[in-house]
Amino acid sequence: ITEAVKAYVARAFEGGDRPTRFEMESRANLIALRLLQRHWSGKQVPRGQGGEMAPWQVRRICTHLEQNLDRTVSLEELSELIDRSVEHTCRAFRRATGVPPLRWQAQKRMEVACGLLVATDASLTSIAQQVGYAGQSAFGAVFRKLLGVSPGRYRSLAKESASAPEGLTGLLAPGSAAPRLPSRSH
């Protein structure tokens with residue numbers, strides 16, 4: 001795993017295009033997410049066999065997805081950003097990040113939502129709309145599916161505990177005020 005992480009980070013600095021702090025935090029989140037997926041599923045994330053995505057392409061797609069959290073971005077729109085087919089874009093993005101583009105966007109939405117749940121007293125409906133969901137119901141379902149707990153419960157855990165609960169280490173950006181979730185029992 002260590003060698004794979006080193007290679008992944010090294011690719012970020014290829015071509016003299018130095019990534020921003022924001023991009024590096026996104027990469028750190030992706031690395032943490034891949035490690036968590038491997039740990040929980042017991043399966044290693046498959047490595048690419050060619051048709052890889054260049055680091056600048058990954059950054060361009062991630063930046064676009066982050067800038068458009070309030071709406072669902074189409075796969076066609078993403079493929080146009082890097083001048084590739086939809087199939088190639090989806091396959092190569094998944095190889096580079098471990099998840100398909102729209103799942104990556106959903107995870108980023110949840111990261112932002114976690115921060116809002118902790119940092120504000122905004123209603124769940126308001127937070128849902130800020131991160132691109134029409135209502136609380138759809139937001140709650142995706143939040144629960146990705147994080148294993150409801151948004152209300154997540155907020156309660158944050159208020160109950162001065163320190164972060166143990167669990168999804170590294171899911172949120174470094175320096176985030178949002179707590180980590182409790183460990184899942186299998």
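Source: prediction; values computed, not measured.
Between the side chain of Arg155 and the main chain of Thr120, a donor-acceptor pair closer than 3.5 Å is present. A donor-acceptor contact shorter than 3.5 Å links the side chain of Arg109 to the backbone of Leu69. Arg60 places a side-chain N or O within donor-acceptor distance of the main-chain N or O of Leu81, the cut-off being under 3.5 Å.
Under the side-chain hydrogen bond (donor to acceptor under 3.5 Å, both in side chains) criterion, Asp121 pairs with Lys159, sequence neighbours left out. Looking at residues two or more places apart in sequence or on another chain, you find no salt bridge (Lys or Arg N to Asp or Glu O under 4.0 Å) involving Glu87. With sequence neighbours left out, Ala54 forms a side chain to side chain contact (heavy atoms under 4.5 Å, CB included) with Trp56, Gln57. When the salt bridge (Lys or Arg N to Asp or Glu O under 4.0 Å) test is applied to Arg153, the partners found at least two apart in sequence or on another chain are Glu160. Remark: Glu76 pairs with Ser74, Val86 by the side chain to side chain contact (heavy atoms under 4.5 Å, CB included) rule, at least two apart or across chains.
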Assess the residue pair Val112 and Glu66 against the criterion (side chain to side chain contact (heavy atoms under 4.5 Å, CB included)); give the C-alpha distance rounded to whole Å, side-chain angles, the decisive distance to 0.1 Å, and a yes or no. CA-CA 10 Å; Val112 170; Glu66 289 170 339; over 6 Å; no
Candidate pair Leu147 and Met110, rule side chain to side chain contact (heavy atoms under 4.5 Å, CB included), full reasoning: CA-CA 8 Å; Leu147 298 172; Met110 294 306 109; 4.1 Å; yes
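Of the inter-residue distances, the one linking Leu116 atom CG with Glu111 atom CD reads 11.0 Å to the nearest 0.5 angstrom. Note: Gln107 CD to Thr97 OG1 = 8.0 Å, rounded to the nearest 0.5 Å.
Across all their heavy atoms, Ala113 and Phe143 have their closest contact at CB-CE1, 4.4 Å. Contact between Met53 and Thr89 at its shortest, heavy atoms only, is CE-O, 3.5 Å. Between Leu124 and Gly152, the shortest heavy-atom contact is CD1-N, 4.2 Å. Here the shortest heavy-atom pairing between Pro101 and Leu65 reads O-CD1, 3.6 Å. The minimum heavy-atom distance between Pro100 and Phe93, with the atom names listed, is C-CD2, 3.9 Å. Contact record, Ala106 with Val142: CB-CG1, 4.5 Å, taken as the closest heavy-atom pair.
In summary, of the residues considered (Glu77, Arg59, Gln105), a side chain to side chain donor-acceptor pair (under 3.5 Å) with His64 occurs for Glu77 alone.
A heavy-atom distance below 4.5 Å is found between the side chains of Val118 and Tyr154.
For the salt bridge (Lys or Arg N to Asp or Glu O under 4.0 Å) condition, no pair includes a residue of residues 130-142, sequence neighbours left out.
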Residues 127-140, side-chain donor-acceptor partners within the protein, below 3.5 Å, at least two apart:
{"unit_1": "Gln130", "atom_1": "NE2", "unit_2": "Ser126", "atom_2": "OG", "d": "3.2"}
{"unit_1": "Gln136", "atom_1": "OE1", "unit_2": "Thr125", "atom_2": "OG1", "d": "3.3"}

